[in-house]
Enquirer: 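Okay, here's the structure, questions in a sec.
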Amino acid sequence: MIRFFDDRRYLIPFRTGLLPQVFTDTLVIGTGVAGLRAAIAAGEHGQVIVLSKGEAKVSNTAMAQGGISGALGEGDSSGDHQRDTLSAGGGLCDEPAVRTILERGPARIEELVAWGMRFDRREDGRLALGTEGAHSHARILHADGDATGRELVRCLWERARQIEGVRVFECCFALDLLTPSDAPGSPVMGAITFHSRFGLQVIWAGATILATGGAGMVYRETTNPSVATGDGIAMAYRAGAQVADMAFVQFHPTTLYLAGAPRALVSEAVRGEGAYLIDQTGHRFMPEAHELGELAPRDVVSSAIVRRLRDRGGTHVFLDVRHLEGFGERFPSIAAVLGSYGLDPARDPIPVNPAAHYTIGGVVSDLGGRSGVPGLYVAGEVASTGLHGANRLASNSLLEGLVMGEIAGRAASEFTSGRDPGGDLPASGWDGGVPGAPVSVVSDIRPSDHGQIDLSDVRSSLRSAMWHNAGIERTAARLADVADMIDFWARYTLDKVFDDPEGWEAQNLLLIGALIARSASWRRESRGCHRCEHAPDPDPRFAAHDIWVRGAEGPTVRPVASLHDRARA
Ligand code: FAD
Ligand code: SIN
C-alpha cells in the first residue's frame with residue numbers, strides 16, 4: 001500500500017448522472033505525437049474526441065529538437081538500431097518490443113513524408129541524418145534544424161483535422177478515468193473532465209487512449225513544459241492499471257543554466273556535430289570519463305557533469321561550440337534562445353547543467369497498446385512498452401509515439417467494434433454511439449478539515465526534494481527521506497478536494513514522486529539511468545521490472561521477458 005494515495009479512487013466527488021455527458025467511440029487524452037497519431041488511426045473507423053489540457057500545440061512533442069531515429073541511412077539497418085537500443089537499455093529492454101517498434105519505424109516515417117512532413121534534406125535531395133549519443137550510425141531525421149517537434153505536430157495536426165470524425169477539445173483537463181466499480185479489472189468507460197468555461201463533464205467512450213506524456217515537472221530542473229505533470233500515470237494507477245519501473249528517469253546533460261531563464265534544451269545533436277563539454281577552467285573532461293567522449297550515453301554524461309562539479313566546484317559546466325562552423329544555420333532555434341540571453345555561441349561557451357528529461361517508467365502496455373484494464377489503451381511517454389529498458393536511446397521516443405500511437409488507435413477502434421484481436425478481454429459494456437450513460441458512476445469523497453494549503457509551496461517543495469533526493473546520483477538514505485517527506489505532505493494534501501487543475505496536478509505529482517521514490521528504493525543497484533551511490537553496479541537480482549498496482553502491499557517483480565505479456569493478465 002502506498003499510504004494516503006491508495007485510499008483515493010477519484011480526485012473529486014461527483015455523480016455522472018448529474019453532469020453534462022458527451023459520447024464518443026474513442027477518447028484520446030493527449031495531443032502530442034502519440035495522441036495525434038492514435039486519433040488519426042482511430043478516426044478512420046469511428047468518432048474520436050482528443051483532449052489537451054492546455055492549448056493543443058503545447059506538449060513535449062512540440063519542443064523536440066534532435067529528431068526522430070530511423071535506420072534509413074546507407075549501411076544502417078533495423079538490426080543495428082535494435083542493437084544500439086538494447087545496449088543502451090541496461091538489460092531491461094523487452095526484445096519483441098524493440099524489434100516490433102524499430103522495424104515498423106521506417107514505414108511510419110515514410111508515411112509522414114507522404115503526409116507532407118518537411119524533414120531537412122541534403123543538397124542531393126536525400127534525407128539529412130544527424131548523429132546522437134550511443135547511436136552507431138547517423139540516423140536522426142530532423143526538421144528546420146532543431147525544431148523537429150514543431151514540424152511533426154504541424155504535420156500530424158493537419159492530417160488529424162482532415163478526418164471528419166476527429167474532434168479536438170482544447171483546455172480540457174482529464175481528472176480521472178471512469179470505471180463502473182473500484183474492483184480490479186473494472187473496465188474504463190471514459191473520463192471525467194474539466195473545462196475552465198464549461199466546467200465538469202463526463203465523456204463516455206467505448207475505448208480510452210492515454211497519451212498524456214511524461215512527468216518531468218516532478219523535478220525542480222526539467223526540460224519539460226508545464227503540462228508534463230504525470231496525470232496519465234496517476235489516473236491509470238487510481239483506475240487499477242499496472243505502473244512499471246518508475247525509478248528510471250532520464251536526465252538530459254545539457255540544458256541552458258542561467259539564473260531566471262527556463263531550462264531550455266541544448267540538443268544532443270549539438271554534441272553530435274562536435275561540441276565539447278568543458279569545466280570552469282576550460283578543461284574538456286568527457287574523453288577521460290568515457291571512450292565515446294561527449295557522445296557517451298546520457299546517463300554517463302550527466303553523471304560526469306555532476307561529479308566534475310562535486311570534485312572541482314562550480315554550479316555548471318559549459319558546452320563549447322566556438323569551433324563549429326554554421327552553428328546558427330544548423331540550430332536556428334537554439335541560437336535564437338541563446339541570443340535572447342545575450343549569448344553568442346561563436347564567442348561564448350554555453351552554461352549548461354543536467355535536468356530531468358524523460359519518464360521511462362509508466363503504464364504497462366503490451367504491443368497492442370493494451371494496458372490490461374479493459375477499454376484502456378496507452379501510447380507514448382506515459383506507457384511502458386519495454387522499448388527503452390532502463391535507459392532510453394536518444395530520439396527513440398518520437399518514433400515510439402508514432403508506432404505505438406498508430407497501433408493503440410487501431411486497437412482501440414477494433415475494441416469498440418468488437419474486432420480487437422486481443423478480444424479475450426471482457427468488453428467494456430459500452431456499445432458505442434448509443435446516447436445515454438451506460439452506467440452511473442458515483443464518487444463520494446468527503447474532504448477533511450485539515451488546514452489550508454499553499455499549493456505552490458507544496459509543488460516547489462516536492463520538486464526541490466525530488467531533485468536533491470531522487471535525482472541523478474541517489475542514496476538509500478536520501479530516497480527513504482524523500483518518500484517520508486512525500487507521505488507527510490500527502491497526508492494533508494491528498495484528503496482535500498480541489499476545484500481546479502492546479503490542485504489536481506499537485507495531487508498527481510505527489511503520487512508520481514511517491515512511485516519514483518519507492519521504485520528507486522526497491523532497486524538496490526545501479527542500472528541504466530538509475531544510479532545509486534551505495535550500490536554502484538547492476539545486480540542480477542534486480543534484472544527485472546517492478547510493477548506497482550493500487551492497493552497492493554508492495555511491488556510485483558516480473559522477469560524482463562514478461563513485462564507486457566502480463567499487461568493483459
Ligand atoms: P506529449 O507530447 O508530452 O503530449 C502530452 C499531451 O497530453 C499534451 O497534449 C497534454 O496537454 C496532454 N495532457 C497531459 N495531461 C492531461 C490531462 N490531465 N488532461 C488532458 N490532457 C492532458 N524525443 C525524441 O525522440 N527526439 C527528440 O528530439 C526529443 N527532444 C525533446 C526535447 C525536449 C525539450 C523534450 C522535453 C523532450 C524531447 N524528446 C525527444 C522526448 C519526446 O518529445 C517525448 O517523449 C514525446 O514527445 C512524448 O510524446 P507524447 O505524445 O507521449 O506526449
Ligand atoms: C535532444 O535533442 O537532445 C533530445 C533528443 C531526445 O531526447 O531524444
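Atoms within each ligand, like the ligands themselves, are counted from 1 in listed order. We use all heavy atoms of the structure for the numbers below, so side chains are in, but hydrogens, waters and symmetry mates are not.
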Enquirer: Considering distance alone, does some N or O of Ala56 sit under 3.5 Å from an N or O of ligand 1?
Expert: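 In this structure, Ala56 places no N or O atom under 3.5 Å from an N or O of ligand 1.
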Enquirer: Counting both backbone and side chain atoms, is some N or O of Thr223 under 3.5 Å from an N or O of ligand 1?
Expert: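 Thr223 vs ligand 1: no N/O contact under 3.5 Å.
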Enquirer: Does the residue Gly401 have a heavy-atom contact with ligand 1, meaning some pair of atoms that are separated by less than 4.0 Å?
Expert: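 Distance cut 4.0 Å: Gly401 fails for ligand 1.
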Enquirer: Heavy atoms only: which of Leu265, Leu402, Asp231 is nearest to atom 18 (N) of ligand 1?
Expert: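 Among Leu265, Leu402, Asp231, the closest heavy atom to atom 18 (N) of ligand 1 comes from Asp231.
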Enquirer: Check each atom of ligand 1 against the heavy atoms of Gly380 and keep those under 4.0 Å away; list them by number with element.
Expert: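 Near Gly380, the atoms of ligand 1 are 52 (O).
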Enquirer: Once you restrict to heavy atoms under 4.0 Å, what part of Ser69 touches ligand 1? Side chain, backbone, both or neither.
Expert: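 It is neither; nothing of Ser69 touches ligand 1.
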Enquirer: Given His142, Arg298, Arg271, which has its nearest heavy atom closest to atom 4 (C) of ligand 2?
Expert: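 It is Arg298 whose heavy atom sits nearest to atom 4 (C) of ligand 2.
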Enquirer: Relative to ligand 1, is Gln65 under 4.0 angstrom through side chain, backbone, both or neither, heavy atoms considered?
Expert: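 Backbone only.
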Enquirer: Do Gln250 and Asn391 get their side chains close enough for a donor-acceptor pair, meaning under 3.5 Å?
Expert: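 Side chains of Gln250 and Asn391: pair found under 3.5 Å.
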Enquirer: Under a 4.0 angstrom heavy-atom cut-off, which atoms of ligand 1 come close to Thr31?
Expert: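 Numbered from 1, ligand 1 contributes 6 (C), 8 (C), 9 (O).
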Enquirer: If you measure every N or O of Pro225 against every N or O of ligand 1, does any of those distances drop under 3.5 Å?
Expert: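 Between Pro225 and ligand 1, no N or O pair is found under 3.5 Å apart.
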Enquirer: Could you tell me whether Gln65 and ligand 2 have an N or O pair separated by under 3.5 Å?
Expert: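 Gln65 vs ligand 2: no N/O contact under 3.5 Å.
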Enquirer: List ligand 2 atoms under 4.0 Å from Glu268, heavy atoms only on the residue side.
Expert: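 Selected atoms, number and element: 1 (C), 2 (O), 3 (O).
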Enquirer: Looking only at distances, can you tell me whether any N or O atom of Tyr358, backbone or side chain, sits closer than 3.5 Å to an N or O atom of ligand 1?
Expert: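 No, Tyr358 has no N/O under 3.5 Å of an N/O on ligand 1.
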Enquirer: Check whether any N or O atom of Ser395, backbone or side chain, sits under 3.5 Å from an N or O atom of ligand 2, and answer yes or no.
Expert: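 It does: an N or O of Ser395 is found under 3.5 Å from an N or O of ligand 2.
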Enquirer: Could you check whether any heavy atom of Gly405 sits closer than 4.0 Å to an atom of ligand 1, since that is the contact criterion I want to use?
Expert: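 No, Gly405 has no heavy atoms under 4.0 Å from ligand 1.
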Enquirer: On the 0 to 90° scale, with breaks at 30° and 60°, tag the His135-His81 ring pair as parallel, tilted or perpendicular.
Expert: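 Judged by the thresholds at 30° and 60°, the geometry between His135 and His81 is tilted.
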Enquirer: Test your reading of the structure: does Ala394 have an N or O sitting under 3.5 Å from an N or O of ligand 2?
Expert: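 N/O-N/O distance under 3.5 Å: no.
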Enquirer: Evaluating non-hydrogen atoms only, which member of His357, Met404, Arg392 is closest to atom 33 (C) of ligand 1?
Expert: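 Looking at heavy atoms only, the winner is His357.
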Enquirer: Under 30°, 30 to 60°, or over 60°: which ring-plane class applies to Tyr257 and His316, parallel, tilted or perpendicular?
Expert: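 Tyr257 and His316: tilted rings.
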Enquirer: I want to know if ligand 1 touches Val382 in the polar sense, i.e. an N/O pair below 3.5 angstrom.
Expert: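 So ligand 1 has no N or O lying under 3.5 Å from an N or O of Val382.
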Enquirer: Are Asn224 and ligand 1 in contact, using a heavy-atom cut-off of under 4.0 Å?
Expert: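 Asn224: in contact with ligand 1 (<4.0 Å).
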Enquirer: Among all residues two or more places apart in sequence or in another chain, which pass the side chain to side chain donor-acceptor pair (under 3.5 Å) test with Asp231?
Expert: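 By the side chain to side chain donor-acceptor pair (under 3.5 Å) rule, Asp231 matches Lys53, Thr229, Asn508.
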Enquirer: Atoms of ligand 1 less than 4.0 Å from Ala34 heavy atoms?
Expert: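 The atoms of ligand 1 under 4.0 Å from a heavy atom of Ala34 are 51 (O).
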Enquirer: Is Leu398 touching ligand 2 with its side chain, its backbone, both, or neither, if touching means heavy atoms under 4.0 Å apart?
Expert: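 The answer is neither; Leu398 stays 4.0 Å or more away.
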Enquirer: Going by the atom numbers of ligand 1, which of them fall below 4.0 Å from some non-hydrogen atom of Ala211?
Expert: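 In order of number, 5 (C), 6 (C), 7 (O).
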Enquirer: Enter the distance from Leu141:CG to Ile109:CD1 here, rounded to the nearest 0.5 Å.
Expert: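 Atom-to-atom, Leu141:CG and Ile109:CD1 are 5.0 Å apart.
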Enquirer: Under 4.0 Å from ligand 1, counting heavy atoms only, is it the side chain of Asn396, its backbone, both or neither?
Expert: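 Near ligand 1, Asn396 shows its backbone, while the atoms from C-beta on stay back.
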Enquirer: Specify the protein heavy atom at minimum distance from atom 12 (C) of ligand 1: its residue, its atom name, and the distance to 0.1 Å.
Expert: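 Among all protein heavy atoms, the one nearest atom 12 (C) of ligand 1 is Gly30 CA, 3.7 Å.
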Enquirer: Any nitrogen or oxygen of Gly66, side chain or backbone, less than 3.5 Å from one on ligand 1?
Expert: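 N/O-N/O distance under 3.5 Å: yes.
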Enquirer: Counting heavy atoms only, which of Gly67, Ala64, Gly32, Gly35 is nearest atom 26 (N) of ligand 1?
Expert: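 Closest candidate by heavy-atom distance is Gly67.
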Enquirer: If we only count N/O pairs under 3.5 Å, is Asn396 in contact with ligand 2?
Expert: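 No; the residue has no nitrogen or oxygen that sits under 3.5 Å from a nitrogen or oxygen of the ligand.
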Enquirer: State, to 0.1 Å, how close Ile49 and Phe23 come at their nearest heavy-atom pair, and which atoms those are.
Expert: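 For Ile49 versus Phe23, the nearest heavy atoms are CD1-O, 4.4 Å.
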Enquirer: Is Asp84 salt-bridged to Arg139, going by a charged N under 4.0 Å from an acidic O?
Expert: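 Yes, this pair counts.
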Enquirer: Is Arg154 salt-bridged to Glu151, cutoff N-O under 4.0 Å?
Expert: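 Yes.
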Enquirer: Do you know which two heavy atoms are closest between Ile512 and Gly230, and how far apart they sit?
Expert: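 Distance-wise, the nearest heavy atoms are CD1-O, 3.5 Å.
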Enquirer: With under 30° as parallel and over 60° as perpendicular, where do the rings of Phe198 and His195 fit, or are they tilted in between?
Expert: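 Ring orientation, 0 to 90° scale: tilted.
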